[in-house]
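This report concerns only the one structure given below.
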Amino acid sequence: QVQLVESGGGLVQAGGSLRLSCAASRSISRINAMGWYRQAPGKQRELVATITNDGTTNYADSVKGRFTISRDNPENTVYLQMNILKPEDTAVYYCNVNAVVGFFDYTRDFWGEGTLVTVSS
């Protein structure tokens, strides 16, 4: 059973926009935070944006003012609206969900398979 389903990646020209979506399985019901990370070739995976269960958001400095993270709780989905995209934004974007699971309330991270965002000049 797939637990995180990502969509929205693709090819876009610089200055354009993309909207990434990540839907978590309904069985992941106690979510602490959801977010997006990205990894470009030759670079470490880095945080892009996160949103906690109280609505607090956090963004990498490089995307502030251009990207917006939001969530739809009834749909168990997190979004990343990416505007004014730059070639430097090219990377594989990974959805992350931090949640409490199991009978003994263990906290763990779930990761999506990644969706490729390519921004051309």
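All of these numbers come straight from a predicted model, not from anything done at the bench.
Interatomic distance, CZ of F110 versus CD1 of I31, reported as 8.5 Å (0.5 Å rounding). With rounding to the nearest 0.5 Å, the separation of CG in N58 from CD1 in I51 is 11.0 Å. Atom CE of M34 is separated from atom CG of L80 by 12.0 Å, given to the nearest 0.5 angstrom. Residue Q81 holds its CD atom at 12.0 Å from CD1 of I69, rounded to the nearest 0.5 Å. Separation of atoms CH2 (W36) and CG (L47) is listed at 12.5 Å; rounding is to 0.5 Å. In this structure, CD in E6 is found 8.0 Å from CG in L20, a value given to the nearest 0.5 Å.
What you find for S27 and Q3 is that their closest heavy atoms are OG-NE2, 4.3 Å. The shortest non-hydrogen separation linking A14 to S121 is CB-CA, 4.5 Å. Residues Y94 and E113 approach most closely at CE2-O, 3.6 Å, considering heavy atoms.
Under the 4.5 Å side-chain heavy-atom criterion for Ile, Leu, Val, Met, Phe, Trp and Tyr, V97 and Y93 are members of the same hydrophobic cluster. Y79 and V117 fall into different hydrophobic clusters, defined by Ile, Leu, Val, Met, Phe, Trp and Tyr side-chain heavy atoms under 4.5 Å apart, directly or through other members. By the rule that hydrophobic residues join a cluster once side-chain heavy atoms approach within less than 4.5 Å of another member, V48 and V12 end up as members of one cluster.
Between the side chain of N76 and the backbone N or O of I28, at least one donor-acceptor pair lies under 3.5 Å. The main-chain N or O of A33 is never found under 3.5 Å from a side-chain atom of R71 such that the two would form a donor-acceptor pair. For T90 (side chain) and V119 (main-chain N/O), a donor-acceptor pair under 3.5 Å exists by modelled atom type.
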### Query
Where do R38 and E46 land on the side chain to side chain contact (heavy atoms under 4.5 Å, CB included) test, with the steps shown first?
CA-CA 6 Å; R38 67 186 182 188; E46 64 177 356; 2.8 Å; yes
Full working for side chain to side chain contact (heavy atoms under 4.5 Å, CB included) between L85 and F67:
CA-CA 9 Å; L85 282 161; F67 291 11; 3.8 Å; yes
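You'll find the side chain of D105 reaches within 4.5 Å of the side chain of R30, heavy atoms only. Counting heavy atoms from C-beta outward, T50 and N98 have side chains that stay 4.5 Å or more apart. Between W111 and C95 the shortest side-chain heavy-atom distance does not fall below 4.5 Å.
Of the candidates V100, T52, D54, V100 is the only one forming a side-chain contact (heavy atoms from CB on, under 4.5 Å) with N32.
Using a 4.0 Å cut-off between a side-chain N of Lys or Arg and a carboxylate O of Asp or Glu, D89 and K86 do not qualify as a salt bridge.
Crowding of Q13 atom CD: a count of heavy atoms from other residues, nucleotides or ligands under 6.0 Å not exceeding 12.
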